[in-house]
Amino acid sequence: MESGMVSVDGWTAGSQVYFLTHLHADHLSGLTSKWSRGPLYCSRITARLFPIKFPGFDLSLLHIVEIGQWHSVSLLSPSSGSSTTVSFMAIDAQHCPGAVMYLFRGEFGCTLYTGDFRWESTSERAQTGRTMLLKALKDVQLDLLYLDNTYCNPTYCFPSREVAARQVLSIISSHPNHDVVIAVDTLGKENLLLYISRVLKTKIWVWPERLQTMHLLGFHDIFTTKTSVTRIRAVPRYSFNIETLEGLNTMRPTIGIMPSGLPWVPKAFRGMEKLSLESPPLLLHNRWHTGVTTSSTSSKTNGGSLISGRHDHYIYTVPYSDHSCFPELQKFVEFVKPINIKGIVSSSACNVDPLYHFGGICRIQQASELLCQRLRIKRSEKVGVIDMKSSFGCTSTMQLGRKKRKRQISRAAIHVSRVRLLRRERQGVKIVDTDPD
DNA sequence: GCGATCAGCT
DNA sequence: CACAGCTGATCGC
C-alpha cells in the first residue's frame with residue numbers, strides 16, 4: 001500500500017511514514033540496515049526481533065505501535081499541502097510473532113490493512129481481535145480493506161492450527177522410534193513447536209539463529225541446538241526435501257513433516273487441480289478432512305504415475321497454516337463489511353481476487369451506504385469520510401515480464417563461496433550440511 | 001572487491 | 001499455483 005503519506009510493507013521513496021506488519025522477507029523487500037527514508041512503525045515484538053534482520057539499523061527511527069491503542073501522527077496532505085492527522089491502531093494478525101494488521105483513519109477515510117493474517121474464529125486471540133475491531137469500527141464505515149488473499153479461493157479450506165497441531169502430534173506418536181524433522185521458516189509456527197514440546201515433554205532442536213529468535217521471543221529451555229538430546233528437529237524449509245530425507249534415512253529412520261496451507265500435491269495431480277478451481281478436487285478436500293496423509297514431491301517423471309512409492313514413507317503434509325483459509329476470509333469480510341477490497345498478494349492467477357469472491361458483500365455494503373448518503377444529504381448533513389478515501393491511493397508494485405538473462409561463467413568460484421559464507425554468517429546455515437567447503 | 005539486487009527455483 | 005526464502009549471477013560503486 002502506497003500513498004503520498006503512508007506506506008505499509010512498501011519501502012520505496014515518497015511516503016512520510018512507513019509501517020511494517022511483520023518480519024517475513026517478502027514484506028521487507030527494499031528495506032535495509034541503512035534505512036533513512038523516515039519513521040518506521042511496527043509492533044513491540046517486531047521491534048525486538050528487528051536487529052536480527054537489520055543489524056546496525058538506526059533504532060531511533062523505529063516507533064512501536066501498541067496493540068489495541070489509537071496512535072496518531074501529523075502529516076502533510078499531498079492534495080492540499082496542509083497538515084492533516086492520521087490515526088492508526090495495530091491489531092494482532094495471528095500470523096507470526098509480532099505480526100499485526102493496521103487500521104488507519106484520516107482524511108482519506110478508514111482503511112484496514114491486514115498484512116498476512118489468520119482469522120480463526122474459535123481461538124481466544126481472535127476473540128480479542130474481534131472485540132478491538134468491533135470497538136474501533138463501531139461508528140465508522142470501513143472504506144477499504146487490504147486483504148491477505150493468499151488463500152482467497154474456495155479451494156483452500158483447512159482446519160484450525162489447533163486441529164492441525166494435533167495431527168502433527170499423532171504422526172509423531174505413531175512413529176515412536178523415528179527421528180522427526182519439521183520444516184519451518186525463520187519466523188512462525190512457534191506455537192506448533194511449543195505444543196509438541198509440551199505434550200511430548202521433549203526439547204526441540206533448532207538451528208543456532210532460530211534459537212536466538214526463540215530466546216528473544218522469551219522461549220527458554222524448550223529449544224536446543226544439541227542434536228543428541230532430542231529426536232525432533234525443526235529445520236529450515238529450504239533444506240527440507242526428498243533428497244535430504246532420504247539421506248537422513250541412510251543414518252536413522254526419519255520422517256519429515258511439512259506444515260503448510262499449500263497442498264503439497266504430487267505433480268501428477270496438479271493438472272487436475274488447475275482444471276477445477278471452482279469446484280475443488282475431492283481428493284484434496286478428503287486428504288485434509290480425513291486427517292493426515294503422506295505425500296510425495298516432484299517425481300521427476302512428469303505427469304506419469306501417481307504417487308511414486310518410497311517417498312510416501314518419509315514426508316507428511318499437514319495443513320498447518322499461518323494464513324486464513326477461504327471460509328475464514330469470508331467470515332472476516334462479512335465482519336468488517338468493507339466498501340472496497342484489494343488483495344495484498346499480487347498474483348498472476350485471477351482466482352484469488354477478493355472482489356471476485358467477496359464483491360457481493362461489498363456491493364450490498366455500497367448499496368446500503370449509498371442509501372445512507374442519500375438520507376444524510378436529504379437531512380442536509382455533511383457527507384462522511386468515505387468521500388475522501390481516494391487520496392489514500394495504491395500503486396501496484398507487481399512486476400511483469402521476467403527478463404531472461406544469459407548465464408555466463410565470468411567470476412571465480414571463490415567469490416561465490418565467500419558470498420555464501422557471508423550469507424550463512426548473517427542468516428543461518430543449511431541443516432543437513434555435510435560440506436564444510 | 002564489496003554490497004545490492006535480480007532471476008530462478010522449490 | 002508458490003506459503004517464504006535460498007542461491008547464484010550480475011551490476012554499480
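Labels below follow one simple rule: chain letters A, B, ... track the order of the sequence lines, proteins then strands, and each chain is numbered from 1.
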Does a side-chain N-to-carboxylate-O contact under 4.0 Å join A:R161 and A:D322? yes

Distance in angstrom units between [X] [atom1] and [N] [atom2], rounded:
{"X": "A:L31", "N": "B:dG3", "atom1": "CG", "atom2": "P", "answer": "18 Å"}
{"X": "A:D26", "N": "B:dC9", "atom1": "CG", "atom2": "P", "answer": "20 Å"}
{"X": "A:D9", "N": "C:dA4", "atom1": "CG", "atom2": "P", "answer": "11 Å"}
{"X": "A:H323", "N": "C:dC1", "atom1": "NE2", "atom2": "C1'", "answer": "14 Å"}
{"X": "A:D116", "N": "C:dC3", "atom1": "CG", "atom2": "P", "answer": "9 Å"}
{"X": "A:D185", "N": "B:dT10", "atom1": "CG", "atom2": "C1'", "answer": "12 Å"}
{"X": "A:F326", "N": "C:dC3", "atom1": "CZ", "atom2": "C1'", "answer": "18 Å"}
{"X": "A:E209", "N": "C:dG5", "atom1": "CD", "atom2": "C1'", "answer": "14 Å"}

Residue-phosphate contact under 4.0 Å: [X] side-chain N/O, [N] OP1/OP2:
{"X": "A:H24", "N": "C:dA4", "answer": "yes"}
{"X": "A:H95", "N": "C:dC3", "answer": "no"}
{"X": "A:S29", "N": "B:dT5", "answer": "no"}

Taking only residues at least two apart or on different chains, which pairs with a member in residues 28-42 of chain A satisfy side chain to side chain donor-acceptor pair (under 3.5 Å)? none

Do A:S260 side-chain and C:dC3 base share a donor-acceptor contact under 3.5 Å? yes

Going by modelled atom types, is there a donor-acceptor pair between the base of C:dC3 and the side chain of A:R237 at under 3.5 Å? yes

State which of C:dC3, B:dT5, C:dG5 makes the closest approach to the side chain of A:T186. C:dG5

Out of C:dG5, C:dC1, C:dC3, minimum distance to the side chain of A:Y156 belongs to C:dC1

Taking salt bridge (Lys or Arg N to Asp or Glu O under 4.0 Å) as the cut-off, I'd like each qualifying pair that reaches into residues 50-70 of chain A, sequence neighbours left out, listed once. A:R44-A:E66

Report yes if the side chains of A:F117 and A:T150 come closer than 4.5 Å at any heavy-atom pair, otherwise no. no

Applying a 4.0 Å non-hydrogen cut-off, can you work out what A:D322 is touching in the nucleic acid: base, sugar-phosphate, or nothing? nothing

Name the nucleic acid region contacted by A:K34, choosing base, sugar-phosphate or nothing; use a 4.0 angstrom heavy-atom cut-off, strictly under. sugar-phosphate

Fit a plane to each ring of A:W11 and A:Y18, take the angle between them on a 0 to 90° scale, and name the class: parallel (under 30°), tilted (30 to 60°) or perpendicular (over 60°). parallel

